[in-house]
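Atom set for the values below is all heavy atoms of this structure, side chains included, hydrogens, waters and symmetry mates excluded. Since the model is a prediction, treat every value here as computed from it, not as a measurement.
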Amino acid sequence: MACLLLLWEVSARLDWMHTPNWPPLTDVLVALAHDTLTGELPLLVGGTLWRMAAGLAAGGAAGVVVGMLFATLPMTARLFGPMVELVRPIPIPAVIPPLVLFLGLDNTMKVTVVALTVFFPVLTNTMQGVAAVEADTLAMGRTFGIGPLRRALRITLPAVLPYILAGFRVSLALALVVAVVAEMIAGEQGIGHYLVMMQFAGRAPEIYATVLVLAVLGYGLNRAFLVMEHRTIHWWFAMGRQADG
């Protein structure tokens with residue numbers, strides 16, 4: 001990594017790229033420090049993270065509920081499954097213009113876009129997890145007279161948790177990407193809108209500084225989620241197993 005960063009600095013200083021849009025790394029770091037100390041960049045990042053987190057929570061919760069219903073009540077899958085499969089292949093950027101017409105440019109639209117993105121991976125993983133629950137475990141619950149709802153909450157859901165968390169882990173990076181894209185396409189706030197403004201202004205150091213922030217942010221979020229995941233389902237990893245992603 002250090003070699004790549006050094007190569008970046010040297011290539012820009014020696015003008016190997018023959019373009020003014022390839023600034024030296026030191027200029028990028030100066031721009032990053034300036035925007036951070038003024039408070040502008042932290043405020044923008046905080047707004048983007050809030051919208052991402054809200055969409056992640058809403059879409060993830062919906063994915064778990066619908067996945068449990070589809071997997072445990074075949075009738076719901078037959079009724080609503082085709083609708084879900086019809087919506088799934090639509091590219092998320094193509095969904096943004098219609099949502100703007102209905103929801104406007106405010107946070108509601110951006111949170112909805114993120115929620116739609118998160119919904120499908122969590123839904124798929126939840127259904128896979130329910131299918132992997134051992135039949136003997138469910139039969140034992142029925143033997144002890146545990147009703148369907150309590151079986152779902154006390155037996156099925158804990159057993160499916162590793163798969164659900166794997167779906168959230170996949171969705172985490174997607175949620176950040178989509179939140180930024182939504183801000184770029186239809187937004188007046190957030191890190192995505194800032195990137196577009198810096199592009200129009202031709203301020204290359206600020207653009208690359210923002211990209212670096214997003215890279216570090218994505219890496220940090222993933223590492224933090226992995227720590228949380230290992231603590232939450234430590235028993236799963238103690239058995240040497242991995243949740244499907």
Yes or no on side chain to side chain contact (heavy atoms under 4.5 Å, CB included) for Thr19 and Trp22, after CA distance, side-chain angles and deciding distance? CA-CA 6 Å; Thr19 174; Trp22 182 244; 3.9 Å; yes
Starting from the C-alpha separation in whole Å, work towards a yes-or-no answer on side chain to side chain contact (heavy atoms under 4.5 Å, CB included) for Leu217 and Leu49. CA-CA 10 Å; Leu217 188 62; Leu49 285 178; 3.8 Å; yes
Worked verdict on Met109 versus Val113 for side chain to side chain contact (heavy atoms under 4.5 Å, CB included): CA-CA 6 Å; Met109 183 276 293; Val113 171; 3.7 Å; yes
Trace of the side chain to side chain contact (heavy atoms under 4.5 Å, CB included) decision for Thr117 with Ser171: CA-CA 7 Å; Thr117 303; Ser171 301; over 6 Å; no
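Hydrophobic clustering, with ILVMFWY side chains joined whenever heavy atoms are under 4.5 angstrom apart, groups Met228 together with Leu161. Ile191 and Phe200 end up in the same hydrophobic cluster when Ile, Leu, Val, Met, Phe, Trp and Tyr side chains are linked at under 4.5 Å. Residues Val111 and Val118 do not share a hydrophobic cluster, defined by chaining ILVMFWY side chains whose heavy atoms lie under 4.5 Å apart. Two different hydrophobic clusters hold Tyr194 and Leu43 under the rule that ILVMFWY side chains link at heavy-atom gaps under 4.5 Å. Follow the hydrophobic side-chain contacts under 4.5 Å out from Leu32 and you never reach Leu37; the two are in separate clusters.
Put simply, CG on Leu195 and CG on Leu44 are 9.5 Å apart, with the number rounded to the nearest 0.5 Å. Put simply, CG on Leu123 and CZ on Phe70 are 6.5 Å apart, with the number rounded to the nearest 0.5 Å. Between Leu176 atom CG and Leu56 atom CG the span is 10.5 Å, to the nearest 0.5 Å. Remark: Phe119 CZ to Thr126 OG1 distance equals 9.5 Å, nearest 0.5 Å. Atom CG in Leu99 sits 6.5 Å away from atom CG in Leu116 (nearest 0.5 Å). Asn222 CG to Glu229 CD: the interatomic distance, rounded to the nearest 0.5 Å, is 9.5 Å.
Side-chain atoms of His234 do not come within 3.5 Å of backbone N or O of His230 as any donor-acceptor pair. A donor-acceptor contact shorter than 3.5 Å is absent between the side chain of Ser11 and the backbone of Trp16. For Thr108 (side chain) and Gly104 (main-chain N/O), no donor-acceptor pair under 3.5 Å exists by modelled atom type. Proximity of a side-chain donor or acceptor of Glu9 to a complementary backbone N or O of Thr26 within less than 3.5 Å is detected.
What you find for Pro23 and Val28 is that their closest heavy atoms are CG-CG2, 3.9 Å. In this structure, Met198 and Ile207 approach most closely via the heavy-atom pair CB-CG1, 3.6 Å. In this structure, Gly192 and Met184 approach most closely via the heavy-atom pair O-CG, 3.3 Å. The nearest pair of heavy atoms linking Ala94 to Pro97 is O-CD, 3.6 Å. Pairing each heavy atom of Leu73 with each of Thr76, the nearest pair is O-OG1, 2.6 Å.
Side-chain polar atoms of Asp27 and Tyr208 form no donor-acceptor pair below 3.5 angstrom. Side-chain contact annotation: Arg88 with Thr124, donor-acceptor N/O pair under 3.5 Å present.
Exactly one residue among Val196, Thr48, Val178 makes a side-chain contact (heavy atoms from CB on, under 4.5 Å) with Glu183. That residue is Thr48.
Two residues are said to be in side-chain contact when any heavy atoms from C-beta on lie closer than 4.5 Å; Ile92 and Val181 fail this criterion. Counting heavy atoms from C-beta outward, Val160 and Gln128 have side chains that stay 4.5 Å or more apart. Using a 4.5 Å heavy-atom threshold, the side chains of Leu174 and Val177 count as separate. Taking 4.5 Å as the limit, every side-chain heavy atom of Phe80 sits out of range of all side-chain heavy atoms of Val66. Side-chain atoms of Met52 and Leu172, non-hydrogen and from C-beta on, do get closer than 4.5 Å to each other. By the 4.5 Å heavy-atom criterion applied to side chains, Glu206 and Asp35 are counted as neighbours. Side-chain atoms of Asn125 and Val170, non-hydrogen and from C-beta on, never get closer than 4.5 Å to each other. Looking at Leu165 and Phe225, their side chains come closer than 4.5 Å, going by heavy atoms from C-beta outward.
Qualifying salt bridge (charged side-chain N to carboxylate O under 4.0 Å, His left out) partners for Glu40, counting only residues two or more places apart in sequence or in other chains: none.
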